[in-house]
Every structure is written in C-alpha cells, then in structure tokens.
J.: 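One structure follows; several queries about it will come next.
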Amino acid sequence: MARYDLSPVEVPPVRTKYRRIRTRLPVPESLPIFESLRDSEPQSMMGQPPVVWDRAEGFQVFDRWGNRWIDWSSGVLIANAGHGRKEIRRAIEAVLRKPLLTAYVFVHERRAELTRALQALSPDPAGYQVFLLSTGSEAIENAIKLARTWALEKHGPSKRYLVSFHNAFHGRTMGSQLAGGMEGQKRWIVGEGRTFVQVPFPDGFKNEDTSFDLFLATLEKRGVKPEEIAGVLTESYQGVGPDFLPDEYARSLESFCRGHDISLIFDEVQAGFGRTGTMFGYEQYGVKPDLIVCGKGISSSLPLSAVIGRKEIMALYPPGSMTSTHSASPLPVVAALESLNLIEKEGLVEHARRMGEILLPALEAIRGRHPERLGCVHGRGLVAGIQVVEAGTRTPDPETARRINLACFHKGLLMFAPVGVAGECLKISPPLMIPAEALRESISVFGEACEEVLSEPAR
Ligand SMILES: Cc1ncc(COP(=O)(O)O)c(C=O)c1O
C-alpha cells in the first residue's frame with residue numbers, strides 16, 4: 001500500500017470552475033487530525049492521499065480550508081449517483097424525523113420496496129429473490145454459504161470446492177479472503193481453506209492465455225473434479241485492472257457450471273449499478289449468474305449490500321436462520337431506493353457508457369505518449385485503469401504510480417491510492433453523474449501529471 005508523506009509542500013495554486021487548490025498540501029492545519037489518527041488507529045487505515053474530507057457533493061470533494069478536487073474515486077466506487085445527493089439526503093432526513101433508525105428484521109415498508117426494486121433488476125424477476133446485508137464481504141460470505149449449502153443438500157459433502165481466480169478481491173473477512181486470489185493477503189489464515197481453489201484469470205496482460213481450457217487444465221492439475229465443485233465465484237471485472245473476462249470465456253464458464261450444477265456467483269460489489277455502462281457487469285457477457293453479490297454503489301452512500309439469487313437457492317434456510325442484525329437497516333434502505341431512482345431518472349447507466357467513449361480513447365492517447373512506462377489501459381464505461389510498469393517490461397512500478405497519483409492530488413484531481421497486484425494501477429472511477437466538461441478537464445489534468453512524472457529523469 002502506498003505511503004504518503006505528511007510534510008506540507010508548496011504546490012502551484014489552482015483555480016478553475018471545478019478545482020481549487022489554495023494551500024500547501026497536506027494542509028498544515030490538518031496535521032493534528034492525521035497525528036491523532038496515527039496514535040489511535042492501526043496504520044492500515046492510513047494509505048490514502050492526505051486530504052481531510054469535509055464535504056463531498058456530486059463529483060467533487062471539499063476540505064475545510066478552501067480546497068476542492070474533482071473526484072475520481074467515488075469514495076471507493078461507492079458514490080455512483082454522486083456524493084451527497086439532495087434526493088438521498090432528503091429521504092434519509094424523512095426517516096430520521098419519523099424516527100425509525102433501526103428495526104432488526106422486523107418488517108418496515110421501505111424494505112419491501114427495495115427488495116422489489118432489486119428483484120426487478122435481476123436476470124429473471126420471477127425466479128430471483130433478494131437478501132439485504134451491510135457490507136460487500138458479508139454478502140460474499142453469504143453467497144459462498146448458499147452455494148455450498150445448495151451443493152451439500154443436493155449432492156452431498158463431496159461437492160465442496162469453491163473455485164475463484166488469481167488476483168481476485170472479494171473482501172477482508174475470512175471466507176472472502178479465502179476466496180480472494182492475492183496470496184499475500186492470506187498469510188494470516190494458516191491451515192484453512194483447502195476447499196478454496198484459485199485458477200488464472202484471463203485478463204490478457206498479466207496472463208496471456210485467455211482460453212477456457214486453462215480453467216479446466218488448472219483444475220485437473222489441482223485434482224479438482226467438476227462434480228466436486230459447489231460454486232465458481234468471479235468479480236464481474238477484476239478490480240486490479242479493471243480486467244474483464246473475454247465474452248466467450250464467460251459463456252463457457254456458464255455452460256460448465258450449468259452442466260455440473262455448480263452455482264455461478266458474480267461479485268458485482270464494484271461493477272454493479274451502472275459502473276461499466278450496463279446496470280450490472282455480468283450483462284456485458286450475456287450470462288445469468290445464480291447468485292449476484294452487490295454492495296458499494298447500491299446506495300451511493302450508507303452501508304448496504306445484497307445477495308440477489310435464484311429462488312431455490314435463497315429458500316434453503318428457514319425463517320430466522322439467515323439474517324443479520326443490520327439487514328435492511330432503514331437509513332441505508334431509503335438511501336439505496338433514492339440512489340436507484342437517480343440512476344434511472346438521470347439515465348446514469350447510459351451516461352456512464354457514453355462517458356467511457358470519451359475516457360478510454362483519451363487514456364489510450366496518454367498511454368501512447370509513454371508506451372514504455374504505461375503498460376496497458378483497461379476499462380469500460382466509467383471505470384478504467386492504467387498499469388504503470390518499469391520501462392519496456394511488464395514489471396509493476398508502484399513508486400511511479402504513487403508519484404503520478406500524488407501529482408494529480410496536488411493539481412486538484414483526487415484518486416484513491418494506486419491498486420493492482422503491486423500498487424501499480426492508477427484506477428479511475430468518478431461518480432457516474434460527472435458531466436463531460438468536468439471529465440475532459442480531469443483527463444487533461446491526469447495527462448499533465450503523467451507528463452510531468454514520466455519525463456523526470458529516472459530515480
Ligand atoms: C469486488 C469486491 N468485492 C467485495 C468487496 C468487499 O466489500 P466491503 O469492503 O464492503 O466488505 C470489495 C471491496 O472493495 C470489492 O471491490
């Protein structure tokens with residue numbers, strides 16, 4: 001994870017319609033806040049560019065000292081409908097005024113509206129149901145549990161493997177990390193997870209073999225038979241790229257799962273709710289997952305997640321036995337309803353697709369100026385990533401990625417810290433309502449930052 005220096009530096013002032021930088025960065029007056037956190041929190045929480053968020057509205061983030069950034073983070077792909085939308089705030093305020101701040105799994109009316117609305121977005125509304133939870137990891141855990149319960153009940157204990165992909169990220173709880181594909185993140189899990197198996201992801205850059213044969217061959221080599229697999233779990237695109245499956249691969253995977261009664265699980269925690277220019281990422285491939293895991297952009301704000309799944313699978317647990325304390329908590333539920341409304345009313349899915357037509361060619365042009373250092377550009381809609389590499393290789397260069405990220409921050413363009421397998425990927429994910437003019441301005445800032453950093457003499 002990137003480390004950011006907390007010594008304030010002079011940066012040229014910026015004053016445009018969308019961006020404003022008028023202090024040293026980090027802001028000297030903000031340092032006591034960082035220091036207090038450094039003392040009271042684990043360092044794991046301190047990996048982002050040093051800004052103290054005071055207010056976030058639409059596609060902009062503001063601090064308390066008069067600085068304002070165009071946001072390319074959406075938090076972390078949360079604020080799909082935009083930060084702090086007044087429609088979402090009003091809906092939350094109405095519930096606050098009632099008041100109804102919690103209800104456990106006693107029924108409240110808005111919960112019924114939300115499960116209906118999400119069911120309507122599923123591949124076949126008559127055949128799917130919706131279970132509401134709070135975080136992406138929690139929903140992933142639930143999907144794994146459902147896939148394995150289905151396999152156990154229908155086929156017995158030998159159908160037990162959960163197959164997922166190298167470089168996958170599904171969260172930080174135990175089951176979600178066992179299903180993840182980053183070995184370094186799993187060192188703490190000693191002696192568990194023999195039934196969690198990862199295979200290469202067909203991204204085309206880190207792994208050039210994008211054939212489905214590699215999936216089959218890897219399982220065979222690992223001694224895993226198709227009839228022993230309970231579920232296959234994949235992100236709709238892998239966050240580290242973003243890396244997409246080839247369509248043909250996704251369809252072969254679906255047929256493989258159908259042929260062996262394996263639950264096909266798509267993790268839509270990042271990809272869902274319009275990000276890629278379709279409502280869900282799986283729609284890009286023309287497949288129908290059995291279980292769809294949602295989070296982040298579902299509410300554009302408060303913590304909410306969901307598993308949308310085939311009715312037979314969702315019915316496995318009797319009343320009272322598949323719940324969570326904050327399932328369908330009233331405030332996140334109304335936030336999600338209002339966010340869905342905004343996405344629909346403002347045509348944000350289509351807008352994201354169209355903005356992708358501006359973003360991706362522009363990023364390719366930036367890469368074209370530095371083909372030795374910018375390994376590849378991947379993306380669809382309003383999610384994209386550029387891999388920064390050591391000159392002329394595919395070896396990740398996280399330090400240069402961090403410097404470009406910091407240069408953007410100094411110019412009033414906010415990105416979260418670089419991601420990727422080694423922190424080499426500059427990830428771009430603005431709120432979906434960003435207008436074309438602000439998107440163009442932010443792309444040119446990004447281009448300038450790349451130019452400045454990549455034309456410095458090598459360190
Ligand atoms: C694809 C994917 N799945 C699951 C998760 C976990 O979600 P949460 O952090 O809400 O537990 C994340 C979070 O980054 C994610 O990107």
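Both counts, for ligands and for their atoms, begin at 1 and track the order of listing.
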J.: Run the side chain to side chain contact (heavy atoms under 4.5 Å, CB included) test against Val269 and tell me which residues pass, sequence neighbours left out.
T.: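 With sequence neighbours excluded, Val269 shows a side chain to side chain contact (heavy atoms under 4.5 Å, CB included) to Asp267, Val293, Lys296, given in chain and number order.
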J.: Should the heavy atoms of other residues, nucleotides or ligands under 6.0 Å from CD of Glu41 be counted, would the total exceed 12?
T.: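 Counting neighbours around CD of Glu41, more than 12 heavy atoms of other residues, nucleotides or ligands fall under 6.0 Å, so yes.
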J.: Which atom pairs, donor and acceptor, lie under 3.5 Å between side-chain atoms of residues 139-147 and protein residues at least two apart or in another chain?
T.:
from	atom 1	to	atom 2	distance (Å)
Glu141	OE2	Thr173	OG1	2.5
Glu141	OE2	Gly175	N	2.8
Glu141	OE2	Ser176	N	3.1

J.: Evaluate whether atom NZ of Lys186 has more than 12 neighbouring non-hydrogen atoms of other residues, nucleotides or ligands under 6.0 angstrom away.
T.: yes
J.: Heavy-atom cut-off of under 4.0 Å around ligand 1: list whichever protein residues fall inside it, by chain and number.
T.: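 For ligand 1, the contacting residues are Thr135, Gly136, Ser137, Phe169, His170, Gly171, Glu235, Asp267, Val269, Gln270, Lys296.
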J.: One thing to verify: whether Asp290 and Arg258 come together as a salt bridge, which I'm taking to mean a side-chain N less than 4.0 angstrom from a carboxylate O.
T.: yes
J.: Sequence neighbours left out, what passes side chain to side chain contact (heavy atoms under 4.5 Å, CB included) with Asp5? Give chain and number order.
T.: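 Once residues adjacent in sequence are excluded, the partners of Asp5 under the side chain to side chain contact (heavy atoms under 4.5 Å, CB included) criterion are Ser7.
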